[in-house]
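Each remark here refers to the structure printed beneath this line.
Source: prediction; values computed, not measured. Counting convention: from 1, in listed order, for ligands and their atoms alike.
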Amino acid sequence: MIMPPFFSTWWDTQAVTALSFVALWLLLFLMARILGVQEAKRLRFLGVLLLIQVLLGLAATAAYDPLAKGFRVLPFLAGLLAVGVGIGLFNSLVLGLLLGRFQRSVPTVLRQVLSVLAILAGAIVLLAHQGLDVKALLPTGAVLTAVVGLALQQTLGNLIGGLSIQLDKSVRVGDWVQVEGLYGRVSAIRWRSSTLETNDYESIVVPNAQLLAAKLLVRGRRGGEETAWRHWVRFRLAFSAPPAEVVQLALQALRAEAVPGVAAFPAPDCVLVAMEEGTALYALRYWLTDFVNDDATDSAVRMRLFYALRRAGFEPAMPAQQVTVQRPSAEAQEAEAKARHAARERALRGMELFAKLKDDELSGLAGELRELPYAPGEPLCRQGEAADSLYILEQGRVSVQVASDGGESEVAQLGPGAFFGEMGLMTGEPRNATVRATGHVQALRLEKPAFQRLLLRRPELAEAIAEVLAERRAKNEQARESLDQATRDSRQRQHRGQFLARIRDYFGYRA
Ligand code: CMP
């Protein structure tokens with residue numbers, strides 16, 4: 001049977017292509033189901049292009065007229081789409097998936113440039129195939145140079161910038177960079193520009209040429225190695241503060257309890273940066289691990305520093321030219337000291353422990369107390385440490401935590417008016433719990449010699465304290481050993497007698 005020319009052309013040329021494209025299309029959709037979201041999206045898009053390509057091909061064949069002359073749009077478009085889809089598939093499946101398997105990648109910009117060149121080459125071949133004199137279409141070399149030189153100058157600069165950044169790997173997606181005062185994480189490097197995402201949820205689009213022209217700072221990377229990023233927290237103190245003591249205090253402030261985002265290794269250090277403008281300028285330098293929370297971590301470190309310096313009695317200093325002398329008068333200072341003393345006395349009077357003390361005894365005791373502020377989360381004392389002081393809470397709350405099963409469990413929360421640290425102070429044993437500030441805390445500390453003097457005058461205090469000690473010890477044992485109430489009560493009675501004897505022994509007196 002002789003087939004009509006249309007049917008023969010259709011069958012011979014397009015049907016095989018169309019069917020194989022449809023099969024490929026189905027394959028693409030199936031693959032898209034098992035791939036990651038981004039890759040699946042790309043493959044689905046290619047599938048749609050493929051469908052359009054097939055329809056265009058069919059339309060081109062249907063409209064095929066062997067006698068017609070000149071440029072035919074439909075076959076050209078169908079061919080160009082086929083080239084585009086082919087390049088897309090190569091990009092996704094070979095360069096993306098296959099190389100990804102071997103942990104290799106081709107820079108995005110290079111991929112994009114090669115794709116554009118391949119499409120251009122495809123277009124030229126298709127045009128030549130239609131009998132067009134492609135050379136005649138191209139402008140002369142001089143014109144081309146002028147066009148490239150003028151119109152594409154900037155674009156080419158960006159393109160080459162993007163290519164070189166990716167090829168020499170000076171900046172990678174995910175790096176934290178600072179360019180011209182802008183700081184952010186590189187989220188994409190494209191052929192024209194790169195995007196930085198800042199910690200304030202802004203996206204900054206920087207042309208690649210600018211990225212190369214400016215001094216670029218990649219944070220937390222040296223010699224190609226990823227590291228933490230060192231932060232400098234500067235502070236000023238008066239010359240009267242002994243530098244060795246200040247350095248020690250600053251380091252202690254960070255060591256006492258880990259601050260989230262601060263690396264344990266390399267360890268922080270503290271340096272005396274300058275002695276200028278009538279003050280000593282220090283820098284506490286620590287290694288930041290969490291680049292997203294840079295300001296919050298700086299703030300936590302500053303807070304620790306502030307409280308540690310306050311506890312040691314050091315006040316921040318100002319550069320000499322900014323000092324506005326506003327010294328309070330001697331009377332005002334005295335009035336302030338009196339008010340503080342009265343507040344401490346009130347705090348003591350409110351405590352059951354000291355209920356039996358006379359006014360002059362309370363006043364004497366108030367004079368012995370040291371005011372110590374603590375930052376949220378800071379430990380006031382740690383389990384296992386040697387103990388020689390008693391704390392009274394003036395402001396804020398603390399959490400009492402006992403080490404258990406490799407972690408810490410809270411056994412009590414104490415608020416204003418409560419005291420702690422009596423166990424170690426009274427018995428000479430190491431601290432039996434860690435006590436941490438849950439917010440800003442102002443504590444009053446009483447050292448052992450002052451307490452000893454008080455106890456010698458008022459031996460009955462020992463009994464009240466032995467009672468509290470026994471109750472707390474029994475409660476901790478109950479938490480650790482899951483005791484029932486009766487056992488706890490009997491232990492409490494036992495402890496009371498033992499504590500009283502030990503207090504008398506330790507403080508060297510007999511009732
Ligand atoms: P000390 O052992 O010197 O140091 C830790 C302090 O935490 C301890 O003294 C008590 O003052 C306090 N402490 C321990 N256990 C409890 C508890 N169960 N309830 C309240 N305070 C406690």
Under the 3.5 angstrom rule, does the side chain of Arg304 hit a backbone N or O of Glu257 as a donor-acceptor pair?
-> yes

For atom 5 (C) of ligand 1, what is the nearest protein heavy atom, given as residue, atom name and distance?
-> Ala433 O, 3.5 Å

Determine whether the side chains of Gln383 and Glu408 contain a donor N or O and an acceptor N or O closer than 3.5 Å.
-> no

Using a strict cut-off of 4.0 Å, indicate which atoms of ligand 1 neighbour a heavy atom of Val411.
-> 18 (N)

Please write down residue, atom name and distance for the protein heavy atom closest to atom 2 (O) of ligand 1.
-> Asn432 N, 2.7 Å

Which value, rounded to the nearest 0.5 Å, describes the distance between Ser389 atom OG and Lys448 atom NZ?
-> 11.5 Å

For ligand 1, is any non-hydrogen atom under 4.0 Å from Glu422's backbone (N, CA, C, O), its side chain (CB onward), both, or neither?
-> both

Examine distances only and state if a side-chain atom of Arg382 and a backbone atom of Ala256 form a donor-acceptor pair shorter than 3.5 Å.
-> yes

How close does the nearest protein non-hydrogen atom get to atom 13 (N) of ligand 1, and which residue and atom is it?
-> Val400 CG1, 3.6 Å

Examine the side chains of Asp295 and Asn199 and answer whether a donor and an acceptor come within less than 3.5 Å of each other.
-> no

If we ignore angles and hydrogens, is there a donor and acceptor under 3.5 Å between the side chains of Ser363 and Asp360?
-> no

Which of the atoms in ligand 1, numbered in the order shown and given with their element, are less than 4.0 Å from a heavy-atom of Asn476?
-> 14 (C), 15 (N), 16 (C), 17 (C), 18 (N)

To which protein heavy atom is atom 4 (O) of ligand 1 closest, and what is the distance rounded to 0.1 Å?
-> Arg431 CD, 3.0 Å

Can the ring centroids of Tyr374 and Tyr307 be said to lie less than 6.0 angstrom from one another?
-> no

What is the nearest protein non-hydrogen atom to atom 12 (C) of ligand 1, stated with its residue, atom name and distance?
-> Phe420 CB, 4.0 Å

What class does the angle between the rings of Trp229 and Tyr183 fall in, given that below 30° is parallel, 30 to 60° is tilted and above 60° is perpendicular?
-> tilted

With only distance considered, is Lys475 within less than 3.5 Å of ligand 1 through an N or O on each side?
-> no

Taking atom 20 (C) of ligand 1 as the reference point, the nearest protein heavy atom with its distance | Arg472 NE, 3.3 Å

N/O donor-acceptor pair under 3.5 Å between Arg311 side chain and Pro373 backbone | yes

Which atoms of ligand 1 sit under 4.0 Å from any heavy atom of Gly424?
-> 1 (P), 2 (O), 3 (O)

Which residue supplies the protein heavy atom nearest to atom 19 (N) of ligand 1, what is that atom called, and how far is it?
-> Ala412 CB, 3.4 Å

Mind checking whether Gly421 has an N or O less than 3.5 Å away from an N or O of ligand 1?
-> yes

Distance from atom 7 (O) of ligand 1 to nearest protein heavy atom, with residue and atom | Val435 CG2, 3.6 Å

